[in-house]
Amino acid sequence: MASGKDQTSKNGKKEEPAIRVGFFQLFRFASCREICMMIFGSICAMIHGSAQPLMLLVFGMLTDTFIEYDIELNELSDPDKVCVNNTIQWRNLTEEENLALNMTKSCGLLDIEYEMTNFAYYYVGIGAGVFILGYLQISLWITAAARQIQIIRKMYFRKVMRMEIGWFDCTSVGELNTRMSDDINKINDAIADQVGIFIQRFTTFVCGFLMGFARGWKLTLVIISVSPLIGVGAGLMALFVAKLTGLELQAYAKAGAVADEVLSSVRTVAAFGGEKKEVQRYDRNLISAQRWGIRKGLIMGFFTGYLWFIIFLCYALAFWYGSSLVVDTQEYSPGTLLQVFFGVLIAALNLGQASPCLEAFASGRGAATIIFETIDREPEIDCLSEAGYKLNKVKGDLEFHNVTFHYPSRPEVKVKLIFTPLQSHHLVQMALCSCFKCTLFTSFPQILDQLNLQVKSGETTAFVGPSGAGKSTAIQLIQRFYDPKEGMVKKHQFIIMLQYYWCTSFINLVTLCHFLSLQVTLDGHDIRGLNIQWLRSLIGIVEQEPVLFATSIAENIRYGRPGVSNDDIITAAKEANAYNFIMDLPQKFDTLVGEGGGQMSGGQKQRIAIARALVRNPRILLLDMATSALDNESEAVVQDALDKVRMGRTTISIAHRLSTIKNADVIVGFEHGRAVERGKHDELLDRKGVYFTLVTLQSQGDKALNQKAQQEMEEAESSDPVAERKSLNRAGSYRASLRASVHQRSRSQLSNLVPESSVAIAGELGPRSYSETRVPQEIKGKSGLPDDDSEEVEPAPVARILKYNAPEWPYMLFGSFGAAVNGGVNPVYSLLFSQILATFSMPDPVEQRREINGICLFFVVVGLVSFFTQMLQGYAFSKSGELLTRRLRRLGFHAMLGQEIGWFDDHRNSPGALTTRLATDASQVQGATGSQIGMIVNSLTNIGVAIIISFYFSWKLTLVILCFLPFLALSGGFQAKMLTGFAKQDKDAMEAAGQISGEALNNIRTIAGLGKERNFVEMFEVQLEAPYQAALKKANVYGACYGFAQCVVFMANSASYRFGGYLVYREGLHFSFVFRVISAIVTSGTALGRASSYTPDYAKAKISAARFFQLLDRIPKISVYSNEGDKWDNFKGDIEFIDCKFTYPSRPDIQVLNGLSVSVRPGQTLAFVGSSGCGKSTSVQLLERFYDPNNGRVLIDGRESTRVNAAFLRSKIGIVSQEPILFDCSIAENIRYGDNQRELSMDDVIAAAKKAQLHDFVMSLPEKYDTNVGSQGSQLSRGQKQRIAIARAIIRDPKILLLDEATSALDTESEKTVQEALDKAREGRTCIVIAHRLSTIQNSDIIAVMSRGYVIEKGTHGYLMGLKGAYYKLVTTGAPIS
């Protein structure tokens, strides 16, 4: 049964949904209460937004006060002047004379300390207001959002649990889990505090500009006139960076495609020794990416420098023009100048800071699109619906009427109307078909194809057939997981058909009626009309891979029927033969089974599942390979139990082990979605159809393995006579003999480790199929199976990361120099700014003008320096960072290709995962070097210079402000926390709910079958209460933190300026020093905040580097790069397998080779035949040294394969496989790939192509040998690909030739020519052939028939035909082997 879970797009990128939800639609679940909260929160945000411009008013007045006071001091510093009656007068002139000289400046009225105290109160007042408003704004919005998100989560999960199974086929569970967590969180971000913050910042923007225009429109217009330059610069920067990033990503995508191609076909690369060649190819693609990355760094440096340059020019212009308005025309006071300048500056900054909120709104709307569409979607089969009728009496007759079906997840498997051609009227039919847009014959592989089938009540019907024949699908239609809706005919088409069939004959009309009755019926009622929950309550199902829920055994059984008593549970457990093992457990029925039943062995899980089905007391019992995981002893008992409970019930059994269904009332053979044969066991054996083929193959395998079991038992008997007596109690049981010989191992551990024998159909004893055995959890733990996907790694030391960056030290040195200079720029700004304020109190106008011009010029110089150093920093660090990334990617790829093949079998090392790791880890390592170093140096010099300046000018004031630094830093920390949100806490709170939703979605089929959707919805809603309460609590904490962070600045200002006033008054400190110290420290504080924001990148970089170094340091079990191991000159190609046993490292519980012994002399041909999965290809992989056998030996020229150098051995072997893998390059390149040890000329290529019957076809192509074959050879037919692969194998002139189904993809004509080519190629070489077509291997020297990892017969064709064994049966019946 195939369901379409593989719907994720091939390139691994999630396609972003189009946004179809308006912003205000995000609030569609808000009640009146939430709407009121949001309105009140918005009002608070607006008032909060006006606080910063309000503070500027206070700041302007404060500056004017300081300057006035300084002017007074300057005047009185002249010994000839004196303060008389609060007016400054010349000491030696009379009052009248002073009046005549216009000496009217007041004095003695300004108490600077009193004024500063007042201003401090203003600041404190605004600060307190900001704290309260900030708290309310955030907490109200978050609370309102939490309530809405709670509703969205509940509605979404409820709707998902009501969806039909077909919907789940088209939607991956991973995607749904992501939506449950990430997407709903995105909606939360869009409707929570971000809205409040956006309103606040937008208000600040509006108020700032209004204030600028109200207080001084001239200066405002001058400042705004510069903004286009900044806008153009920022726009061009974004444009170039986007373009260059695109080009860089394209280049990386090419390199990624190479990596993906190579890692996907790693076996081919290993077989032909192309590792080093591939590393070079990958590196070539990295060079262009590196080039674009460096250019991007340079461009970013250039534009950052340009922006800083323009900003400093803007300062120069504003202060130069503003000072002329203050000094020359006296339109403004100095305070007004600052109010206007900072008003516009703050407005611009806040507009910039509001833009991330817009991003959050957009991603919230994007996420809401799919979530809301799901909430609004009506399920096609609504499992929680009350509709449909319930029958009073159920007999249990099931019937399929002409059912055609394909899975919704695979719409490309189209189902078309199919007419059976009647005796006459073909032309009429043709006309009809054109009118119906349908075809007479279709070759589309439906899952079920016009299935007609009857299952009588009270009978046991067995479904048999190859995988994918539609057996499980039929069972799912009975459960109404899907509806057979294909072939429903539209009304007007129906009328035409009716007329046509009426014209032809009455019989045809009957055919039509039958054709239209596409349905599955229960007791003659179409199941689509029955109530779903009621229908499913009649059905008990036991699946091949039973699903248990993460709760106790008793609860799992209780899922079968709600409100069932403990006695019923115990009875059901006894019937399913589960009672004894449950009572042996310490906690009996209260034992927890673990996630997915992980704490139980396969057999135990199966028995619990059977008990769960039996406790329902079902009318219809569906057994989908129900006993496949049980050992021999349990199987017999469970089979008895099942036989007992089948009495009087309609039972459908699917089994691959045919012994379990031998006694069924009816056996139905499935093939290609149709029921092709029906009858009892003996009738079907005589018919020699599907059933006969399956029986033949199974009985032969059982027989051979059983002989091996007997032989091992005899060995055990001779070594342990006591064990012999024990083992005789269970005659012939393979597991018994093995247990006897290793009786020191505990009984429980082995109970499921070794497979059991079962009475096979043909009457011989034989162990059950290895592939169906399961390993209990405790053994899994010991076998070193990784339990957890994500391994914890210790962060790598920075020294080691830098070591890889060492060759670039000159770049890093120059970059650091640039960064240091850039860091010093901010404090220098505070110096110049305070100096300008100082000039306003200078008495001499000429001196004053000259000073101002000098300072404005200095601003321009600083801007120019900044421009060059930013460029230097950008270029130097991007160069060093890109070189490091390229180096790491190359090393990583080199290390990956050096691993043994078994490493790639681990799902964590899938090609996709490895390509991602190459891409992300290497680029994240830059976070600890490169531009990050620049940022850190920048911040450190910034802080260093600022503190030096501050202490130099006033150490007392500096110390007072430094007391606030921890609070400023804390507030910065809170702000950072705010941006990342309390994400971790949210995640933990959602974890329990996530576990329930994850379990429900992963096991949706089981839940639907048991009708337990409602239970899971209720459990989920209970778990949502905790995260909801946490969110409400968070709203308050979060609001308080935000309020505190916003008000700290006001408090710091109030204390600093009050103490500054004290120092100016008491200690004669110049007022400009107060501004200098305060602005220097504040700018350095922001730098500190910036530096701390790089720590997450830095931590990520260390983790990524650690993962990378782990890969580089791993020592492969079979190394291709090492020179160790045997090599010899006269390589003959003598091969011998001696009792090889093997399991794949990724599946240690499935024995693939089970004592393979076979040998082939130099120049001979050995052919392997046998069914799929019997170990033919595995034996070839052992020979290639992709793996080493677990037990036994492979000898090559008498030397053990594990001691032979892997690269040397592979260089002597040529391989042509069933699905040849070609690389995305020219035909000539692909053929040359056969030998990567030497340079091959075109003549060599052509010679090989001629031998492979390929040359003529290539010469007929426009570009001949330079024709590109496309990704994976997609531009060529299979036969053409196969011949290129043969040429590739021939060109290396191998001593051993491996042909794995080499001619399977060719048509008869090509096959003949290629077969001749292969026969030629085989001359003088040892050859191993695997083929499913027996005609191709009849001339082999040795034919070995394999079953279950063991050779059951071997010899020449004639000898094996004489034996009349498995080979003879296969040849004579012509049955396919797989």
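For this chain, numbers begin at 1 and follow the sequence in order.
For F1223, the ring pair (Phe, Tyr, Trp, His ring centres under 6.0 Å) partners two or more places apart in sequence, or in a different chain, are Y1233. Under the rule for a salt bridge (Lys or Arg N to Asp or Glu O under 4.0 Å), the partners of D1235 that lie at least two apart in sequence or sit in another chain are R1238. Judged as a salt bridge (Lys or Arg N to Asp or Glu O under 4.0 Å), and not counting sequence neighbours, E671 has no contacts. R1292 pairs by the salt bridge (Lys or Arg N to Asp or Glu O under 4.0 Å) definition with nothing, not counting sequence neighbours. For the side-chain contact (heavy atoms from CB on, under 4.5 Å) test, residues two or more places apart in sequence or in another chain that qualify with T1178 are F1142, Y1144, V1152, L1153. Here K277 pairs with N1236 under the side-chain hydrogen bond (donor to acceptor under 3.5 Å, both in side chains) rule; sequence neighbours left out. Listed by chain and number, the residues in a ring pair (Phe, Tyr, Trp, His ring centres under 6.0 Å) with F670 are F463 (sequence neighbours excluded). Evaluation of the side-chain contact (heavy atoms from CB on, under 4.5 Å) rule for S1157 yields D1139 as partners, not counting sequence neighbours. Qualifying side-chain hydrogen bond (donor to acceptor under 3.5 Å, both in side chains) partners for R1185, counting only residues two or more places apart in sequence or in other chains: D1188. Under the salt bridge (Lys or Arg N to Asp or Glu O under 4.0 Å) criterion, E275 pairs with no residue, sequence neighbours left out. A search for side-chain contact (heavy atoms from CB on, under 4.5 Å) contacts involving T915 returns A259, D260, L263, not counting sequence neighbours.
Other residues, nucleotides and ligands contribute only 12 or fewer heavy atoms inside 6.0 Å of the OH atom of Y1359. Annotation for K1295: atom NZ does not count as buried by contact number, only 12 or fewer foreign heavy atoms lying within 6.0 Å. With a 6.0 Å radius and a threshold of 12 heavy atoms from other residues, nucleotides or ligands, N1130 has its CG atom above the threshold.
Tested against V1160, the residues D1134, T1165, I1135 include a single side chain to side chain contact (heavy atoms under 4.5 Å, CB included) partner, I1135.
Annotation: side chain of L1182 is not in contact with side chain of F1186 (no heavy-atom distance under 4.5 Å). Looking only at side-chain heavy atoms (C-beta outward), I1215 and V1180 come within less than 4.5 Å of each other. Taking the side chain as every heavy atom from C-beta outward, V262 and L897 approach each other to under 4.5 Å. Side-chain contact between V1169 and I1343: present, with at least one pair of heavy atoms (C-beta onward) separated by less than 4.5 Å. Side-chain atoms of I1231 and Y1265, non-hydrogen and from C-beta on, do get closer than 4.5 Å to each other. Here the side chains of I1296 and L1183 are in contact, with some heavy-atom distance below 4.5 Å. With contacts defined as side-chain heavy-atom distances shorter than 4.5 Å, the pair P1116/Q899 qualifies. The closest side-chain heavy-atom distance from R1288 to V1216 is not below 4.5 Å.
Taking CG of D1244 as the reference point, atom CZ of R1232 lies at 8.5 Å (rounded to 0.5 Å). Here the straight-line distance linking atom OG of S1159 with atom CG of L1166 works out to 8.5 Å at 0.5 Å rounding. Note that CZ of R1199 is 9.5 Å distant from CZ of F1131, once rounded to the nearest 0.5 Å. Here K1141 contributes atom NZ and Y1350 contributes atom OH; the two are 10.5 Å apart, rounded to the nearest 0.5 Å. Remark: R1193 CZ to S1201 OG distance equals 10.0 Å, nearest 0.5 Å. Once rounded to the nearest 0.5 Å, the distance linking CD1 of I1286 with CD1 of I1290 reads 7.0 Å.
A donor-acceptor pair is defined here as one N or O able to donate and one able to accept, closer than 3.5 Å; such a pair exists between the side chain of E900 and the backbone of K1117. Panel note: side chain S1226, backbone E1229; a donor-acceptor pair is recorded below 3.5 Å. Looking only at distances, a side-chain donor or acceptor of D1197 sits under 3.5 Å from a matching main-chain atom of G1133. Side chain of N1205 to backbone of A1207: a donor-acceptor contact under 3.5 angstrom is found. With R1210 contributing its side chain and E1184 its backbone, the two residues share a donor-acceptor pair below 3.5 Å.
Across S1179 and F1168, no two heavy atoms sit closer than the pair OG-CE1, 3.5 Å. What you find for M896 and L914 is that their closest heavy atoms are CE-O, 3.6 Å. Here the closest heavy-atom approach between residue G1163 and residue T1326 is recorded as N-OG1, 3.3 Å. When every heavy atom of A1228 is checked against every heavy atom of V1245, the shortest pair comes out as CA-CG1, 4.2 Å. In plain terms, the two heavy atoms of Y1367 and E1353 that are nearest each other are N-OE1, 3.3 Å. Smallest separation of non-hydrogen atoms from K471 and V464: CD-C, 3.6 Å.
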* Asked: So V1204 and W1128, side chain to side chain contact (heavy atoms under 4.5 Å, CB included) or not? Walk me through it.
  -> CA-CA 9 Å; V1204 180; W1128 60 98; 3.9 Å; yes
* To do: Could you check E1200 against L1195 for side chain to side chain contact (heavy atoms under 4.5 Å, CB included), going step by step and ending with a plain yes or no?
  => CA-CA 5 Å; E1200 205 167 314; L1195 299 184; 4.3 Å; yes
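Among residues at least two apart or in separate chains, salt bridge (charged side-chain N to carboxylate O under 4.0 Å, His left out) pairs with a member in residues 261-272 are E261-R281, R267-D905.
There is a side-chain donor-acceptor pair under 3.5 Å between N1190 and T1143.
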